[in-house]
Protein chains: 4
Amino acid sequence: MKTENTIDRGRPRNADIDAAVMKSALKLLRKIGFRRLTLDAVAESVGVGKMAIYRRWPNKAAVVMDAFLTLIGPESQFPSAASAIISLKLQMRLQAKLFAGDYGKLIKALLGESQFDEELAEAFRNRWLIPRREMTLDVLKAAVDQGDLRADLDLDTVIDMLYGPFYYRLQLGIGTLDSSFSDQVWSAAITGFRASGS
Amino acid sequence: MKTENTIDRGRPRNADIDAAVMKSALKLLRKIGFRRLTLDAVAESVGVGKMAIYRRWPNKAAVVMDAFLTLIGPESQFPSAASAIISLKLQMRLQAKLFAGDYGKLIKALLGESQFDEELAEAFRNRWLIPRREMTLDVLKAAVDQGDLRADLDLDTVIDMLYGPFYYRLQLGIGTLDSSFSDQVWSAAITGFRASGS
Amino acid sequence: MKTENTIDRGRPRNADIDAAVMKSALKLLRKIGFRRLTLDAVAESVGVGKMAIYRRWPNKAAVVMDAFLTLIGPESQFPSAASAIISLKLQMRLQAKLFAGDYGKLIKALLGESQFDEELAEAFRNRWLIPRREMTLDVLKAAVDQGDLRADLDLDTVIDMLYGPFYYRLQLGIGTLDSSFSDQVWSAAITGFRASGS
Amino acid sequence: MKTENTIDRGRPRNADIDAAVMKSALKLLRKIGFRRLTLDAVAESVGVGKMAIYRRWPNKAAVVMDAFLTLIGPESQFPSAASAIISLKLQMRLQAKLFAGDYGKLIKALLGESQFDEELAEAFRNRWLIPRREMTLDVLKAAVDQGDLRADLDLDTVIDMLYGPFYYRLQLGIGTLDSSFSDQVWSAAITGFRASGS
DNA sequence: GGCTAAGCGAGACGGTACGTCTAGTCTTGGG
DNA sequence: CCCAAGACTAGACGTACCGTCTCGCTTAGCC
């Protein structure tokens, strides 16, 4: 996707720096939070000039976002299960667990910062949100095929109802995020959207 | 609530300043957003010293939050209707409309900032969220009494499922916030939580 | 001359800071030189924010120039003597001594920096050079009246010939700056410019 | 001086680069001055890597100094004349003209920068100043031989008195640099240092 | 009517991070 | 070994804004 049509000239960027910066950023992020995290501190801890960072990312938020997405990329796949809705249920439990832990803090911070930075928001949407929605969409379609959900649903709205409550509790700081909660949301949704006549 | 046990001495505060500051803050907020809004700018535009502001509010976020709450306070009441669930449906439509407009931007900013400022988050919870949840709770209880919702529900979770999707779409910047969306969420929830046997 | 027609409003500047900054600047200047002197270091050593400095002076050079001029202001007066040319001779010895010491370093740096900063150059001219030239001019006029110098001289050029060699040796780093040198310059000039017919 | 005892191996340096770099450096120097001149800019304008420059000169100042000296090298020789002091007079006029023009600016900048950079100062002394002083010294000795100057003079000081005023006016930005000024300095000096009894 | 306490406009203050800039060095692939 | 390109470290720069403090002045209520 990132096709550079220019030939590679000059000293190539040191890929280790990318990784080291993101790692350090995540570490500091967990320790002191987004606001108090400074790129000066990151640069110093990595033993790198600030320019090496600003050459790669436009600002602090972008660094952290990239770090987060790189870290979390492979996780939160849908578990395989007997039926699509069971797979969904299990995945929602994982999400609850994820949100309740350290990742939750990261998401809080990044989503918060995204409210003020459209680029960041876009990165969050494109690299975190949409891929996960796509996966969910596939599962929901399977559930429709399997006769567990009605065929006339707006599946986007279904997704919003399934996952909205997670973000809500995470951001608003109200209620708990555990599998009990997750299961309630799931079962209510499944009941509400169940294939009629069942 | 704000019981001052000291006798009022000295020059009393000029109440006009409170209003003017909040008004100016809201105006700037809409124009340039929370981040780029400075209290210096507010103070100057009002023709007031910064101290006059900091005497009234502890920080920038508090000013904006107060402005927001003062502005929005009377709105978003539950409309009266034939049944509780219909009243709920109408209120959700109002909420969708609210979130889609200028208020949505304010909420975005304040909720975003709340991720980094616990005091702000608390103010948001106590002065915006909880009052509205209480109202919703009453309506839901009425709906239970009226036989439209099962009696064994965790109503807090019900609220999360009803309103979570709104915040989700607002914060994530995905999808639209209109009465069609609102109605879908409502009807799915009502179906999912309907009194059994109906 | 510095008549401010605006009424004094707001918190007045703390005059101690002016003095402390200049003092610290001079101290650091002597220790590490102009180039390696940073206003960050000055600010920190004084326990002052950088803004407090930038509010008073536009840049590093201005701080140092001001410090220098404040420090040196009262010095290098013409000593009284039997005749004008003797007073001149004594003053030139003082100047040689001045240039050979710490002040010489300051002047080197400031004059060097002035080559790149016209404002600075102007300050140097107006607050250091011209006052001293005026004094010298008076002495030279007296010497003319006393019959020790011809009356048809361009006294500005005389001054250049008297003091040019000092700056030359200071800036070029060639030769020594002592009273022997000073006396040679003086006697050659006096001989060259002596009233004719002697 | 720069005797390399290693056999020439590998690709030979491209001699065109030396000239092109110095030319570009001079051009930029005139346009934006020493301070704002960057070797990055020079390298780019010449279409050369920075290393090609740093392989040839140790730093920015050296490049510019070299450019200046290469440019100015052949000029400002002593014109031949009937007597040594007349030759001196003519040369001083040339110097005045030189200082008043573009070369003056270069010298201003280089001498200014020399106040902060000992290497540069040394280059300036060794490659500009001293050669010219040597030439002047020869002329002054001839003048002594020809009976126009006393034999007991410290000729170094004589040189300082002859040329100091030029640098003084150049650096301090006071007075004009023309042949009238030059002649005044010359005649005063000649008179002051004339062989006694003449 | 004078006293006292607090409010007020203005703006200085310490602190802190920002993102930019440049010097001089290093590292690619290729000649 | 040279070259073009450009990444790299180091570190100062000048700006911005926060929340606090201080000045001279004003405005109330209390004695």
Side-chain angles (χ1 to χ4, degrees), chain A residues 6-15 17 35-41 43-44 46-60, chain B residues 6-15 17 35-41 43-44 46-61, chain C residues 6-15 17 35-41 43-44 46-56 58-60, chain D residues 6-14 17 35-41 43-44 46-61:
Chain A
T6 53
I7 6 163
D8 274 7
R9 283 189 298 187
R11 176 175 176 177
R13 289 202 185 151
N14 182 351
I17 290 178
R35 279 291 158 86
R36 276 178 300 173
L37 162 67
T38 52
L39 289 191
D40 286 77
E44 197 189 346
V46 177
V48 129
K50 268 201 289 184
M51 271 309 292
I53 299 180
Y54 280 105
R55 205 176 286 120
R56 290 167 166 79
W57 296 276
N59 51 49
K60 181 170 89 168
Chain B
T6 54
I7 359 159
D8 277 5
R9 280 189 298 186
R11 178 175 173 177
R13 288 198 186 153
N14 180 351
I17 291 178
R35 274 296 157 83
R36 278 178 299 175
L37 161 67
T38 58
L39 289 190
D40 286 77
E44 197 188 346
V46 177
V48 127
K50 270 203 289 183
M51 268 312 290
I53 298 180
Y54 279 103
R55 208 173 285 121
R56 291 166 167 79
W57 296 276
N59 53 46
K60 179 169 98 166
Chain C
T6 53
I7 9 162
D8 274 6
R9 282 188 300 186
R11 178 175 172 177
R13 291 204 183 147
N14 182 351
I17 290 178
R35 274 296 154 86
R36 278 178 299 172
L37 163 66
T38 49
L39 290 190
D40 286 77
E44 197 188 344
V46 177
V48 130
K50 269 203 287 186
M51 271 312 293
I53 299 180
Y54 280 106
R55 205 174 287 122
R56 292 168 164 79
N59 51 49
K60 180 169 88 169
Chain D
T6 54
I7 3 162
D8 277 4
R9 281 187 298 185
R11 178 174 174 177
R13 285 194 188 161
N14 180 350
I17 291 178
R35 278 293 161 84
R36 278 178 300 174
L37 162 67
T38 59
L39 290 191
D40 285 78
E44 196 188 347
V46 177
V48 126
K50 270 202 291 183
M51 269 313 291
I53 299 180
Y54 278 104
R55 207 174 285 121
R56 291 167 166 80
W57 295 275
N59 52 47
K60 179 170 100 168

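Letters go in sequence order (proteins before strands), and every chain restarts at 1.
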Which residues share a side chain to side chain contact (heavy atoms under 4.5 Å, CB included) with [X], sequence neighbours left out:
X     : result
C:R36 : C:I32
C:R11 : none
D:A43 : D:V48, D:K50, D:I53

Worksheet item: Excluding sequence neighbours, so at least two apart, what forms salt bridge (charged side-chain N to carboxylate O under 4.0 Å, His left out) with A:R56?
Response: A:D18
Round to a whole Å and report the spacing from [atom1] of [X] to [atom2] of [N].
X     : N      : atom1 : atom2 : answer
B:R55 : F:dT27 : CZ    : C1'   : 13 Å
D:R56 : F:dC1  : CZ    : C1'   : 12 Å
D:R13 : F:dA4  : CZ    : C1'   : 16 Å
D:E44 : F:dA5  : CD    : C1'   : 11 Å
B:I17 : E:dA10 : CD1   : C1'   : 13 Å

Just the table, please: protein N/O against nucleotides 22-24 of chain E N/O, every pair under 3.5 Å.
{"unit_1": "E:dA23", "atom_1": "OP1", "unit_2": "D:L37", "atom_2": "O", "d": "3.4"}
{"unit_1": "E:dA23", "atom_1": "OP1", "unit_2": "D:K60", "atom_2": "NZ", "d": "3.1"}
{"unit_1": "E:dG24", "atom_1": "OP2", "unit_2": "D:Y54", "atom_2": "OH", "d": "3.1"}
{"unit_1": "E:dG24", "atom_1": "OP2", "unit_2": "D:K60", "atom_2": "N", "d": "3.2"}
{"unit_1": "E:dG24", "atom_1": "N7", "unit_2": "D:K50", "atom_2": "NZ", "d": "3.1"}
{"unit_1": "E:dG24", "atom_1": "O6", "unit_2": "D:K50", "atom_2": "NZ", "d": "3.0"}

Worksheet, complete the sentence: side-chain hydrogen bond (donor to acceptor under 3.5 Å, both in side chains) filter on A:R13, not counting sequence neighbours, yields none
Discussion item. So, using side-chain hydrogen bond (donor to acceptor under 3.5 Å, both in side chains) as the criterion, who are the partners of C:R55 when residues are at least two apart?
Written reply: none
Show the distances under 3.5 angstrom between N or O atoms of the protein and N or O atoms of nucleotides 29-31 of chain E.
{"unit_1": "E:dG30", "atom_1": "N2", "unit_2": "D:R11", "atom_2": "NH1", "d": "3.2"}

Worksheet item: Got A:W57 and A:L39 here, is their nearest side-chain heavy-atom distance under 4.5 Å?
Response: no
Worksheet item: For DNA chain F, whose closest nucleotide is more 5', that of D:V46 or that of C:P12?
Response: D:V46
